[in-house]
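Since the structure is predicted, the reported quantities are computational estimates derived from the model, not experimental observations. Chain identifiers are assigned alphabetically (A, B, ...) following the order of the sequence lines, protein sequences preceding nucleic acid strands; residue numbering begins at 1 within each chain.
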Amino acid sequence: MPQELPKAYEPGAIERRWAEYWIKEKLFSVPTPPEGETRPVFTLLLPPPNVTGRLHMGHMLNQTQMDIIVRWHRMRGFITLWLPGTDHAGIATQMMVEKQLESEGKKRREMGREKFVERVWEWKKLYGGAILDQMKRLGASVDWDREYFTMDENLSHAVREVFVRLYEEGLIYRGNYIVNWCPWHETAISDLEVKHEEVQGKLWEIRYPVVGSENPHPRQNPAWMGLPQEQEYITVATTRPETMLGDTAIAVNAKDERYTHLHGKKVMLPLMNREIPIICDELAQPEFGTGAVKVTPAHDPNDFEAGKRHDLPQITVMDARGRMNETAGAYAGLDRFAARKKVLEDLREQGFLVGEKDYTLAIGKCERCGTVIEPRLSEQWFIKIKPLAERAKEAVESGEITIVPENYRTIYLQWMTNIHDWCVSRQLWWGHRIPAWTCGKCGEVIVARSAPEACAKCGGAVEQVPDVLDTWFSSGLLPFTTLGWPEKTRDQAVFYPTTLLITAYEILFFWVARMIMFGCHFMHGHEQDRAIKKASGWAEKKNDSVPFRRVYIHALVRDAERQKMSKTKGNVVDPLDVIERFGTDATRFTLAAMAAPGTDIAFNESRTDGYRAFANKIWNAARFMFMNVERVEPDRVGTGLRPVQTGSETRLHMGIAGFQTIALEDRWILSRFNRVAKDVNEALETYRFHEAANRIYDFFWGEFCDWYLELIKPRLNFSSEDGGDKTAARAACANLVNLFDGALRLLHPVMPFITEEIWQAMYEGKPAVKSIALAAYPQADEQQIDLAAETEMAILQDLIVSVRNLRAELKVEPKVKVPIEVFAHEPMVWSLIQQNEGAIKRLANVENIKEVSQHQAAQSPARSTARFDVRVVYERKIDVSAECSKLRKELEGIERRIEVTTGQLGNPGFLSKAPQKVVDGLSKQLEDTKLLREKTLSKMKEMGCGA
RNA sequence: GGGCGGUUAGCUCAGCUGGUUAGAGCGCCUGCCUUACAAGCAGGAGGUCGCAGGUUCGAGUCCUGCACUGCCCA
């Protein structure tokens with residue numbers, strides 16, 4: 001110390017430098033702890049971003065929160081493992097590469113599966129690391145040595161193992177079911193991947209002629225009014241008329257008397273000229289429309305169920321790309337929407353279309369490409385989810401896993417209760433291939449860990465099922481597969497269950513729920529290393545199979561207008577752009593300061609701008625410190641003025657070591673520091689990031705810079721003409737350094753870069769530990785909290801601010817020093833003023849301080865408080881009427897307060913029920929307010945304001 | 001249709017278990033280039049806490065209803 005810091009704070013260069021340093025030095029790599037390790041452990045799995053991903057604000061919020069918590073734990077001496085990796089992201093990646101091929105005029109299908117997958121791997125090698133590189137810019141303190149990719153061989157091996165085990169346990173089955181089918185991607189997708197949207201559509205009414213029947217009551221049924229009497233019809237309503245080509249029944253409700261006479265009869269399916277039965281099923285609700293519905297088992301999930309109940313044939317009329325197939329007769333080859341048009345035209349022409357109404361319907365769209373989902377009958381693989389969900393539910397209900405904020409717990413439990421079987425097969429090429437083979441000869445299906453040579457049953461040649469697994473299948477396994485599963489490893493014993501999961505609400509079901517289900521199932525019976533478990537504070541937990549002990553769900557980042565950021569709206573804020581302009585530290589601070597649990601964040605750049613100013617403030621305070629050290633301790637330049645503390649092994653070290661409480665401001669700032677340390681630690685404990693950030697901000701700027709630095713300036717200035725003392729300057733300097741060091745450590749998890757830069761400069765690049773990230777986090781020392789100092793300082797501040805107020809009101813020239821007259825209500829206050837005379841003179845621009853009678857001190861221009869009256873001696877005409885109206889307004893407020901307080905204190909209910917502390921506080925307040933009233937009244941009298 | 005949240009200063013938001021006179025940042029107004037910082041300093045204006053009831057000695061905070069608004073699920 002001291003290295004000269006550049007005059008202006010420039011985050012860009014600093015941040016890049018330290019980000020590289022942290023990685024190069026492997027500061028956050030965690031080797032497997034040996035047997036006998038007794039330190040506490042903190043483990044966190046990074047929700048793996050898609051390899052195709054680009055960093056967005058959601059990531060940045062997520063990673064900022066994780067990094068804060070991770071750095072905080074590390075600094076408190078935990079063995080802290082933050083595990084990074086990326087997800088192969090089946091659909092997204094395949095799409096990306098397909099698009100690339102398209103631009104080269106190539107097609108996936110022409111290329112063939114093997115070549116295509118090779119191509120995807122090439123793509124991954126070239127571009128797959130982009131998002132992780134962006135993460136590095138954020139300063140994420142992850143263990144890069146343990147970086148994984150979900151398609152790595154070891155993880156793929158684990159995926160196959162899991163699939164086979166589930167199959168053997170009877171928890172995986174295969175079958176023909178209606179699934180959500182994306183005609184663009186030509187694959188099944190899960191319920192969760194479908195986004196529902198309300199659109200204005202039409203409800204068409206189509207009449208189906210009843211076979212061999214005449215209308216018995218033509219005038220009693222409005223649906224039949226005006227129709228030819230010789231032919232009876234049943235009218236149904238549909239929003240998807242093209243599916244009628246695959247109708248295999250008409251359903252009516254058994255209780256619906258309008259149709260009783262038709263039970264057992266048949267109708268002629270228009271356009272197709274196929275006879276289909278009229279069935280009774282609860283699918284038809286008498287209240288809705290005509291009470292009759294068409295049944296298309298191959299194209300609607302509800303109809304599918306009804307079809308199974310009545311053993312109806314399933315007629316698929318569309319192909320995988322959403323075009324009508326050969327069973328659609330004349331419509332074969334038409335796209336589904338073209339077919340709809342044509343079907344309607346033909347129906348109208350032939351007199352079957354009898355109505356058309358506007359209708360608001362919810363349609364499902366593929367969340368990735370926006371194509372309208374087609375329910376499609378196809379052969380898929382499913383996980384029988386109930387048995388897995390049971391344990392997963394239990395784990396949360398019993399409190400083995402806690403979810404913060406708590407309202408997500410209910411949402412989770414509800415979802416777990418109503419959960420459906422999970423369709424895990426995808427008709428994609430990129431992903432984990434399902435370890436199943438079918439025999440070409442006898443059709444036998446073999447699920448195995450490795451490819452069978454021939455069919456076990458008939459010896460025929462086998463071929464692997466083409467489908468791959470849902471991406472969430474493999475990511476759901478990560479908490480244990482990244483720790484070596486299915487082997488039993490030391491890593492598992494130490495790091496499993498992971499401590500915490502921080503993620504967005506959006507993937508609560510996609511990912512969080514599945515990790516819990518898989519964890520509870522496959523890690524059943526697992527036990528964490530006992531000593532470590534105890535040291536980490538989880539001794540009372542019974543279930544070590546859970547993937548994590550806690551889940552923290554964070555908010556969504558919206559734009560400044562509270563709109564969800566989306567590419568189509570064009571309101572996406574690019575975090576890297578924000579970082580470029582304001583710095584990573586300022587951006588991190590913004591996200592932390594706005595992240596109150598449970599509420600979304602409207603990202604507002606003006607806040608970030610403000611926090612860059614905060615960083616600049618810190619920067620300049622540091623320059624001030626260095627400047628003084630250089631002046632006061634020139635002989636120590638080059639050796640470093642070492643603050644008293646070292647690495648995180650001294651984590652139990654509390655307060656500020658080596659701090660000397662010489663003057664009031666020393667006692668005060670030490671007390672405040674400990675208080676803020678206490679608050680920040682408590683806030684982080686409960687993920688109240690905004691509170692932690694704001695607390696540090698207020699302390700550093702509002703107390704440390706605004707008051708403490710100003711107050712110690714005279715002491716530092718030992719050579720000044722008013723006779724400074726070098727020993728005192730040295731002591732003040734040492735205090736400043738030790739305090740600054742503590743403040744930097746306190747702030748480091750939120751603003752890692754600027755704190756590292758200044759901290760390293762303080763040690764001239766030779767600190768006891770390689771980084772502030774490995775130094776100890778400040779813990780509060782209750783002994784150093786000094787109530788008396790805080791009270792005294794408050795009086796002093798009050799006095800100084802009062803004088804400043806008066807000066808402003810009197811429009812005293814800024815350079816002019818004025819004498820003040822003070823009356824102190826207690827001797828303590830007067831001696832306090834005397835002892836701090838210099839500070840008052842300097843900070844309030846006062847010439848001298850004189851003790852006078854209360855009467856005199858309260859004469860205008862004056863300020864009165866319960867502790868003192870202060871008057872500024874300044875010759876200036878006072879605007880009497882303005883002053884009077886101000887006093888009157890003040891008096892009104894005082895009277896009102898007295899009234900309210902008196903009323904409350906006279907209330908027996910209040911006196912008997914309110915806590916003593918509140919009653920005492922209120923009494924004191926009343927006393928003070930009454931005093932103020934007297935003073936104000938006498939002042940008014942003095943000025944001749946009248947009542 | 002079911003569920004969950006929001007409504008506090010001009011703007012963006014805090015206000016945790018009900019407790020003394022509801023806070024911050026930005027913006028606005030006034031004055032300062034006071035040798036750490038004009039990305040700064042000092043001072044100031046600005047709020048019937050969405051509406052209506054209720055519980056309580058006491059409600060921004062708890063309950064009920066309403067209005068507006070957002071999200072999730074079907």
Report yes if a side-chain nitrogen or oxygen of A:H690 is closer than 4.0 Å to either non-bridging phosphate oxygen (OP1 or OP2) of B:G15; otherwise report no.
yes

Pairing residues for A:N62 by the side chain to side chain contact (heavy atoms under 4.5 Å, CB included) criterion, not counting sequence neighbours
A:P47, A:M66, A:I502, A:H554

Atom NZ of A:K815 to atom P of B:C32: distance rounded to whole Å?
10 Å

Parallel, tilted or perpendicular, judged at 30° and 60°: which one describes the rings of A:F700 and A:F614?
perpendicular

Quick one: look up who B:G70 pairs with, Watson-Crick or G-U, both distances under 3.5 Å, and put none if it's unpaired.
B:C4

More 5' along RNA chain B: A:E691 or A:R863, using each one's nearest nucleotide?
A:E691

With a 4.5 Å limit on heavy-atom distance, are the side chains of A:K817 and A:K841 in contact?
no

Report the distance from atom CG of A:N805 to atom P of B:U30, rounded to the nearest whole Å.
18 Å

How many Å lie between CZ on A:F624 and P on B:U35, as a whole number?
12 Å

Can you check the A:D920 CG to B:C57 P distance for me, whole Å?
20 Å

Partner lookup for B:A24, please. Criteria are Watson-Crick or G-U wobble with both distances under 3.5 angstrom; report none if nothing qualifies.
B:U12

Whole angstroms only, please: what is the CG-C1' distance between A:N620 and B:C41?
13 Å

